[in-house]
Amino acid sequence: MARYAPEHKDATRRRMIETSGVRFKRDGFDGAGISALVADAGLTNGAFYGHFASKDDLIATVVSEQLAVQVARVDALPPGLASVETFVREYLSPGHRDDPGNGCPSAALLDEITRQDHSTRQAYTDGARALIDAIARHLAVGDSGGARDRAIGLFTLLVSSLQLARAVTDPELSDQILTSAYQNAMRIADNSTPSPS
C-alpha cells in the first residue's frame, strides 16, 4: 500500500479548508454535510477524518484560516491611510457584495458564528482581534489617536454594511448602501476629518 508524502497530506487538508470556506460562505455551515464538503474537495468521506475530528473541527479551522488570510492581506498593504482606503474600497465593492463565497467570512457568516461551539467562536475572536489590530496599525501611522477604537468602528461598519447591501432586493438601494458606507468608513479612518454636526 503506497503512502502519501507529507506534502500531499498538507495539500489535501488545504484544499478541504479552501473549498469548505467557499461553500460555508455561500451556503452557511448547515448548507452542506461532510459528504458534500469532501466531494467539493475531490475527496472521499474516509479522507475527511484523516484531517479533522468532526465537522465542528473543520468549521473552527476554516474560520481561523479565512480570517488569517484577511489579516495577511491587510498586513501586506503599505502602511498608512491610502492602504485603508484601498481595503475599504475593495471591501465595499459590488464585486465583493455579489460573491460571498470568495469574500469576507465575517459578512457571510457572522450570524452563524454566534451559534457555534466555543472553539469556533474562539477562532473567530482571535481572528477578528488580529484583523482589528492590523487595521489599527494602518490608522496609527502619523496619528495614533484612538486608532484601535477607530479600527473597531471601521470593521463593524464594513461588515454590517456589506450584510445589509446583500440582504436588500433593490439593486439601487444596495449600491447606495455601499456608497454611503464607503463615505462613512473613510470619515472614521481619516481622523483629521471633522465629524458632521
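In this chain, numbering begins with 1 at the start of the sequence shown.
- Contact check for I34 versus Y49: side-chain heavy atoms found under the 4.5 Å cut-off.
- Within the structure, the salt bridge (Lys or Arg N to Asp or Glu O under 4.0 Å) test picks out the following pairs touching residues 40-69 (sequence neighbours left out): R14-E65, R23-D40.
- A salt bridge is absent between D10 and R13; no separation between the charged side-chain nitrogens and carboxylate oxygens falls under 4.0 Å.
- More than 12 heavy atoms of other residues, nucleotides or ligands shown are found within 6.0 angstrom of CZ on R166.
- Legend: residues meeting side chain to side chain contact (heavy atoms under 4.5 Å, CB included) with S180, ordered by chain and number and at least two apart, are N184.
- Across every non-hydrogen atom of I135 and A151, the tightest pair is CG2-CB, 3.8 Å.
- One hydrophobic cluster holds both L173 and L164 under the rule that ILVMFWY side chains link at heavy-atom gaps under 4.5 Å.
- Closest of all the heavy-atom pairs between S161 and L92 is CB-CD2, 4.2 Å.
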Report task. Evaluate the criterion side chain to side chain contact (heavy atoms under 4.5 Å, CB included) for residue pair N102 and V22; output intermediate values, then yes/no. Result -> CA-CA 6 Å; N102 290 302; V22 171; 3.6 Å; yes
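- Of all heavy-atom pairs spanning L67 and A123, the tightest one is CD1-O, 4.3 Å.
- Contact annotation: the side chain of L81 never approaches that of V141 to less than 4.5 Å [non-hydrogen atoms, C-beta and beyond].
- Within 6.0 Å of the CD atom in E172, the count of heavy atoms belonging to other residues, nucleotides or ligands does not exceed 12.
- Distance check, rounded to the nearest 0.5 Å: CG of L162 to CG of L178 gives 7.0 Å.
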Show the atom names and distances, to 0.1 Å, of all donor-acceptor pairs under 3.5 Å that link a side chain in residues 108-115 to residues at least two apart or in another chain.
unit_1 : atom_1 : unit_2 : atom_2 : d
E112   : OE1    : F29    : N      : 2.8
T114   : OG1    : D111   : O      : 2.8
R115   : NH1    : D111   : O      : 3.1

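- Shown here are the ring pair (Phe, Tyr, Trp, His ring centres under 6.0 Å) partners of F48, two or more places apart in sequence or in another chain: F52.
- One N or O on the side chain of H96 and one on the backbone of C104 form a donor-acceptor pair closer than 3.5 Å.
- For the atom pair OG of S174 and CG of D98, the computed distance is 7.0 Å after rounding to the nearest 0.5 Å.
- The ring pair (Phe, Tyr, Trp, His ring centres under 6.0 Å) search around H51 returns none, not counting sequence neighbours.
- There is a path of hydrophobic side-chain contacts, each under 4.5 Å, that joins I17 to F24.
- Although no hydrogens or angles enter the test, the distance criterion places no donor-acceptor pair under 3.5 Å between the side chain of S64 and the main chain of A60.
- One hydrophobic cluster holds both M186 and V159 under the rule that ILVMFWY side chains link at heavy-atom gaps under 4.5 Å.
- M16 approaches V38 most closely through the heavy-atom pair CE-CG1, 3.3 Å.
- Between R187 atom CZ and L154 atom CG the span is 13.0 Å, to the nearest 0.5 Å.
- Between R97 and I177, every side-chain heavy-atom pair lies at or beyond the 4.5 Å cut-off.
- The two residues S20 and L58 have their closest heavy-atom pair at OG-CD2, 3.5 Å.
- Between R148 and R129 the shortest heavy-atom distance is NH2-CG, 3.6 Å.
- The line from CD1 of I132 to CG of L139 is 11.5 Å long, rounded to the nearest 0.5 Å.
- Annotation: side chain to side chain donor-acceptor pair (under 3.5 Å) contacts involving residues 66-86, sequence neighbours excluded, comprise K25-Q66, D75-R137, E85-R89, E85-Y182.
- For the atom pair CD1 (I59) and CD (Q116), the distance works out to 4.5 Å, reported to the nearest 0.5 Å.
- Note on L77: it clusters hydrophobically with F155, by side-chain heavy-atom contacts below 4.5 Å among ILVMFWY residues.
- For the atom pair L43 CG and T12 OG1, the distance stands at 6.0 Å (nearest 0.5 Å).
- Heavy-atom contacts from other residues, nucleotides or ligands closer than 6.0 Å to CG of D30 number 12 or fewer.
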